[in-house]
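Notes for the one structure printed next.
None of these values were measured; they are calculated from a predicted model. Below, read A as the first sequence line, B as the second, and so on, with proteins coming before strands; counting in each chain starts at 1.
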Number of protein chains: 2
Amino acid sequence: MEQTDDRRVRKTRRLLREQLARLMEHKSVREITVTELCRACDINRGTFYRHYADVYDLLHSVEEEIRRGFQQVMDPVFSGGKLGEQVIGPGLQAAFCYLAENADMCRVLLCRGGDMEFVQQVENLMREFVREQYRKVNRREGEMYDYIFTYIAAGCIGVLRQWLEQDMPQPPQQIAALLEQIMREGVLALL
Amino acid sequence: MEQTDDRRVRKTRRLLREQLARLMEHKSVREITVTELCRACDINRGTFYRHYADVYDLLHSVEEEIRRGFQQVMDPVFSGGKLGEQVIGPGLQAAFCYLAENADMCRVLLCRGGDMEFVQQVENLMREFVREQYRKVNRREGEMYDYIFTYIAAGCIGVLRQWLEQDMPQPPQQIAALLEQIMREGVLALL
DNA sequence: ACAGAAATCAACACGGCGTTTATTAACAGA
DNA sequence: TCTGTTAATAAACGCCGTGTTGATTTCTGT
């Protein structure tokens, strides 16, 4: 979404995103109509169509923003960090702190009634993160390696989703630490 | 869904499920209208409403059937199997074989454009399976244990989804074996 | 202050929704 | 094979959200 310097545009888009998030806490996206959303925003319906094609178009622009932020906060992990350096912990911690800041929207996008498409995208980002880390200590590749990376990434996102769904009873650092421990020592060591 | 002995009813419902699955291969559920589905089935629109409230009602009845089958095939693992007995392998293998038989529908429900609600339910079933297994060898419980069980379950479902999305290039037994190995030895032993 | 653009309002045709009616066709059980 | 029951059909209904339009007003950046 190309950004603008017109205050009215920023205001309208922010309003729409806020109210969409609010409505999504009580009902599924598919039940939210453009008319209803505009009433909630006290915005003319024609104004909505000036910015977005439909509710899903708006939703995807929100998703893209979250995803971009997630990617950005993980980026240092990819570019920086010498071979074997400890970046899993800080990387996960940064990611979970970022998600915690946007918890309302993330819960709605990743948990019950969320968007599979989006969950898959986040999971793919996480898998590339995992792949990058393991490449630093072992350059072997193979058909089955992809499944293992997927296993780890999906496990992390699964934990993330449970944590979000329970309204984050632990601080993000603790969850990040748990996942780092799992990645380093495996689940068996913890059970 | 209460079953009937009237051939016409069985025929209609089967037709609707078939065509729904067919349509879902090309477009998202939210884009499928009752009108369109009925045209595809060559069925009167009023007939649809005699059986289901809307497209999602139909979808959920399909999901319930799949879930019931999945649960049923996993059930022996819960009830049977003495303490410490090797049931992880056979259990996973049975589950993956069952899912492979219903691959078309499962891919559409679990992968891109799928239903988060349904994925979550399957993941919960898998978590209870995992919890049951680990209880046999270790009865400790704790706040963080739930996260670990979730990690394992989500990892398994993640692998399942990747496998389905790639049109199952490996036999179900091989995937089940891989996951059993991960559960027993951890990912680190394999990397 | 001014030109440009965004937001508003009202109205439009379109199409899917969910329901109803009368009618026809298929069914299960005797 | 007959019979009462019930599912499926066809046609029509009002309703509502959609996406677009044109004219008008309000706000914005410079």
Side-chain angles (χ1 to χ4, degrees), chain A residues 1-65 108 113-115 117, chain B residues 1-65 108 113-115 117:
Chain A
M1 179 58 61
E2 74 294 347
Q3 66 175 8
T4 180
D5 50 353
D6 193 314
R7 186 190 303 157
R8 292 169 296 185
V9 173
R10 292 196 305 267
K11 206 169 171 180
T12 299
R13 292 185 183 165
R14 185 175 47 74
L15 234 180
L16 282 169
R17 288 168 186 224
E18 280 174 7
Q19 293 303 312
L20 176 66
R22 202 180 60 82
L23 288 178
M24 287 206 300
E25 288 175 11
H26 302 301
K27 56 167 70 181
S28 169
V29 196
R30 65 166 179 270
E31 303 172 282
I32 299 175
T33 67
V34 173
T35 301
E36 178 184 13
L37 180 57
C38 289
R39 252 199 298 268
C41 292
D42 195 24
I43 271 183
N44 189 274
R45 202 159 54 84
T47 303
F48 176 91
Y49 287 108
R50 175 179 296 274
H51 298 283
Y52 306 101
D54 51 38
V55 176
Y56 288 96
D57 188 31
L58 165 59
L59 181 71
H60 289 149
S61 89
V62 175
E63 289 177 351
E64 195 186 333
E65 195 177 306
V108 131
D115 182 355
E117 210 92 27
Chain B
M1 179 58 61
E2 74 291 349
Q3 65 174 13
T4 180
D5 51 353
D6 193 316
R7 186 189 304 158
R8 292 169 296 183
V9 173
R10 290 196 306 268
K11 205 171 172 180
T12 299
R13 292 184 183 166
R14 185 176 46 75
L15 235 181
L16 282 169
R17 288 167 187 225
E18 281 173 6
Q19 293 303 312
L20 177 65
R22 203 180 60 82
L23 288 177
M24 285 206 300
E25 288 174 11
H26 302 300
K27 55 167 71 180
S28 170
V29 197
R30 65 164 178 270
E31 302 173 283
I32 300 175
T33 67
V34 173
T35 300
E36 178 185 13
L37 180 58
C38 289
R39 253 200 297 268
C41 293
D42 195 23
I43 271 183
N44 189 272
R45 201 159 54 85
T47 303
F48 176 91
Y49 288 108
R50 174 181 297 273
H51 299 284
Y52 307 100
D54 52 38
V55 176
Y56 289 97
D57 188 31
L58 165 59
L59 181 70
H60 288 149
S61 90
V62 175
E63 289 177 351
E64 195 186 333
E65 195 176 305
V108 132
D115 183 353
E117 210 93 27

Check if the side chain of [X] and the base of [N] share a donor-acceptor pair of N or O atoms closer than 3.5 Å.
X        : N       : answer
Arg7(B)  : dC27(C) : no
Arg45(B) : dG18(C) : yes
Arg8(B)  : dA26(C) : yes

Work out how much the helix from dA1(C)-dT30(D) to dA30(C)-dT1(D) bends between its end axes, five pairs an end, to the nearest 10 degrees.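 Inter-axis angle at the ends, rounded: 60°.
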
Rounded to the Å, how far apart are [X] [atom1] and [N] [atom2]?
X        : N       : atom1 : atom2 : value
Asp5(B)  : dA26(C) : CG    : C1'   : 13 Å
Lys11(A) : dA5(C)  : NZ    : P     : 21 Å
His51(B) : dT9(D)  : NE2   : C1'   : 12 Å
Asp57(A) : dG19(D) : CG    : C1'   : 14 Å
Tyr49(B) : dG16(C) : OH    : C1'   : 8 Å
Arg50(A) : dA5(C)  : CZ    : C1'   : 7 Å
Phe48(B) : dG18(C) : CZ    : C1'   : 11 Å
Leu15(A) : dA6(C)  : CG    : C1'   : 15 Å

Between Glu65(A) and Arg13(A), is there a salt bridge with N-O shorter than 4.0 Å?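 Salt bridge absent between Arg13(A) and Glu65(A).
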
Does Glu18(A) come within less than 4.0 Å of Arg14(A), counting only side-chain N to carboxylate O?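 A salt bridge is present here (some side-chain N lies under 4.0 Å from a carboxylate O).
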
Contacts to DNA chain D from residues 25-44 of chain A, heavy-atom cutoff under 4.0 Å, which residues?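 Close to the strand are Thr33(A), Val34(A), Thr35(A).
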
Using modelled atom types and a 3.5 Å cut-off, is there a donor and acceptor pairing between side-chain atoms of Ser28(A) and backbone atoms of Glu31(A)?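 The answer is no, because no donor-acceptor pair under 3.5 Å joins these two groups.
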
How far apart are the closest heavy atoms of Leu37(A) and Leu20(A), and which atoms are they?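 Leu37(A) and Leu20(A) have their closest heavy atoms at CD1-N, 3.7 Å.
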
pair [X]-[Y]: side-chain heavy atoms closer than 4.5 Å:
X        : Y         : answer
His51(A) : Val9(A)   : yes
Leu15(A) : Ile43(A)  : yes
Met24(B) : Leu59(B)  : yes
Tyr49(A) : Val34(A)  : yes
Tyr56(A) : Asp115(A) : no

Strictly below 4.0 Å: does Thr12(B) bring a side-chain N or O up to OP1 or OP2 of dA7(D)?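 Looking at the OP1 and OP2 atoms of dA7(D), neither is under 4.0 Å from any side-chain N or O of Thr12(B).
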
